[in-house]
S.K.: 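My structure is below; once you've seen it, I'll send some questions.
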Protein chains: 2
Amino acid sequence: MTKPQAGQTPLDPEMFDPVCPSPLVPFRVGDKWASSILRCLEGGPRRFSELKVPLRGVTAKSLTQSLRGLERDGFVVREVREGPERRVDYALTPLGRGLLGPLDTACEWTREHWDELIDAQEAGVRAGH
Amino acid sequence: MTKPQAGQTPLDPEMFDPVCPSPLVPFRVGDKWASSILRCLEGGPRRFSELKVPLRGVTAKSLTQSLRGLERDGFVVREVREGPERRVDYALTPLGRGLLGPLDTACEWTREHWDELIDAQEAGVRAGH
DNA sequence: TAGGGCGGTACCCGATCGGAAACCAGTCCT
DNA sequence: AGGACTGGTTTCCGATCGGGTACCGCCCTA
């Protein structure tokens with residue numbers, strides 16, 4: 001994604017490969033609910049209605065949308081178990097499970113710097129921005 | 001942000017603290033250009049016009065917006081050097097520099113799984129999603 | 001005096017995001 | 001027969017995102 005840059009030499013115009021555009025990749029995975037859903041699936045497959053519980057306030061539409069997106073991108077599989085007792089399970093693919101690593105790192109960092117983050121934001125807002 | 005969950009016990013409805021909403025935090029830092037800007041500032045302060053070069057296609061408006069956001073959140077500082085030769089530098093704060101860690105992790109993972117990511121996406125799209 | 005670089009701002013626009021509400025078929029319970 | 005639960009879909013709507021274009025004052029150089 002990046003070819004790290006030396007001190008004060010000019011920035012490389014080719015620093016970001018237009019073919020694998022960095023802006024889309026590292027942070028900003030999926031939509032608003034995506035990372036929370038990944039977390040929910042960490043312990044095994046979950047049903048649609050199970051997921052709605054911790055994702056408080058999510059509407060069926062938003063949850064469906066988010067899940068379809070994760071499915072399309074290969075992070076989640078949708079398994080319909082037919083039979084008299086029909087149920088739909090969502091589970092992580094190996095790729096999706098792999099995403100938990102970077103996600104953990106980001107969560108960990110956020111937890112460690114939570115106070116600073118809040119303070120900085122409040123200062124920024126107070127400064128009129 | 002999360003209290004990891006055991007195997008198939010029901011999901012904890014309080015899994016996500018409504019006060020520090022997980023969806024906003026771990027991935028999805030800032031907007032489209034934010035993570036690229038952070039990368040550009042890794043090697044030291046940069047001027048507005050320097051940043052435009054590698055961020056190809058970014059308009060002045062989008063860049064300004066993105067920078068203002070990063071400033072408001074305390075990841076970047078804007079320094080106006082007055083004098084006959086006026087110039088504006090943008091630099092990472094310690095907090096912003098700290099963000100580079102998780103960002104590296106995410107970039108690294110993406111690089112390692114790039115082929116799988118592309119394949120999975122293509123498969124997902126072909127499957128009609 | 002004209003043009004160019006710098007560091008933006010203002011306004012317009014279409015696309016997307018994401019919530020609210022209504023509805024639905026199938027199954028199960030009473 | 002009526003109601004509830006599951007797993008959605010559809011429509012509507014307002015908010016935000018993000019790009020395009022035009023314009024701005026300031027400084028420098030030719």
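Each chain gets a letter, A, B and so on, in the order the sequences are listed, and its residues count up from 1. Below, each value reflects all heavy atoms present in this structure, side chains not excepted, and no hydrogens, waters or symmetry copies.
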S.K.: Rounded to whole Å, how long is the line connecting atom NZ of A:Lys52 with atom P of D:dG8?
M.R.: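 The distance from NZ of A:Lys52 to P of D:dG8 comes to 10 Å, rounded to the nearest Å.
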S.K.: Could you say whether A:Glu85 or B:Thr64 is positioned toward the 5' end of DNA chain C, judged by the nucleotide with the nearest heavy atom to each?
M.R.: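 Going by which nucleotide is closer to the 5' end, it is B:Thr64.
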S.K.: Which whole-number value in Å describes the distance from B:Asp89 CG to C:dG8 P?
M.R.: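 Going from B:Asp89 (CG) to C:dG8 (P), I get 11 Å.
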S.K.: If you take atom types as modelled and just measure distance, does the side chain of A:Lys61 reach the base of C:dG19 with a donor-acceptor pair under 3.5 Å?
M.R.: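 Answer is yes: a donor-acceptor pair is held.
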S.K.: Starting at OH of A:Tyr90 and ending at C1' of D:dT6, how long is that distance when rounded to a whole Å?
M.R.: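 Rounded to the whole Å, the gap is 11 Å.
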S.K.: Can you tell me if the side-chain N/O atoms of B:Arg86 get under 4.0 Å from OP1 or OP2 in D:dC28?
M.R.: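 Answer is no, no contact under 4.0 Å.
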S.K.: Taking only N and O in the side chain of A:Arg46, is any of them less than 4.0 Å away from OP1 or OP2 of D:dT6?
M.R.: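 No, outside the criterion.
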S.K.: Between P on C:dT27 and CZ on A:Arg47, what's the gap in Å once rounded to a whole number?
M.R.: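 So the two atoms are 14 Å apart, to the nearest Å.
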S.K.: Out of curiosity, does A:Val77 fall in the hydrophobic cluster containing A:Leu92 (side-chain heavy atoms, cut-off under 4.5 Å, transitive links)?
M.R.: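 Looking at the clustering, A:Val77 is in a separate group from A:Leu92.
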S.K.: From C:dG7, C:dT9, D:dG8, pick the nucleotide closest to the side chain of A:Val88?
M.R.: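 Selected nucleotide: D:dG8.
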S.K.: If only side-chain N and O atoms of B:Ser62 are considered, is one of them under 4.0 Å from the OP1 or OP2 phosphate oxygen of D:dG18?
M.R.: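 No, because none of the side-chain N or O atoms of B:Ser62 sits under 4.0 Å from OP1 or OP2 of D:dG18.
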S.K.: Given atom CD of B:Glu82 and atom P of D:dC26, what is their separation to the nearest angstrom?
M.R.: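 These atoms are roughly 12 Å apart.
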S.K.: By the salt bridge (charged side-chain N to carboxylate O under 4.0 Å, His left out) test, which pairs, at least two apart or in different chains, include something from residues 114-125 of chain B?
M.R.: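 The answer is none; no pair qualifies.
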S.K.: Between B:Arg81 and B:Glu79 (salt bridge meaning N to carboxylate O under 4.0 Å), is one present in this structure?
M.R.: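 Yes.
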S.K.: Can you check the A:Gln65 CD to D:dT11 P distance for me, whole Å?
M.R.: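 One finds 14 Å between P of D:dT11 and CD of A:Gln65, rounded.
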S.K.: With a 4.0 Å cut-off on N to O distance, would you call B:Arg111 and B:Glu108 a salt bridge?
M.R.: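 So B:Arg111 pairs with B:Glu108 through a salt bridge.
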S.K.: Kindly say if B:Arg78 contacts the phosphate of C:dG8, meaning a side-chain N or O under 4.0 Å from OP1 or OP2.
M.R.: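 It does, given that an N or O in the side chain of B:Arg78 lies less than 4.0 Å from OP1 or OP2 of C:dG8.
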S.K.: If you measure from CZ on B:Arg39 to CG on B:Leu51, what distance do you get to the nearest 0.5 Å?
M.R.: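 The distance works out to 14.0 Å.
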S.K.: In whole angstrom, give the distance that lies between atom CZ of A:Arg81 and atom C1' of C:dT27.
M.R.: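 It works out to 18 Å between those atoms.
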S.K.: Starting at atom CG of B:Asp31, determine the distance to atom C1' of D:dC17, rounded to an integer number of angstrom.
M.R.: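 From B:Asp31 CG to D:dC17 C1': 9 Å.
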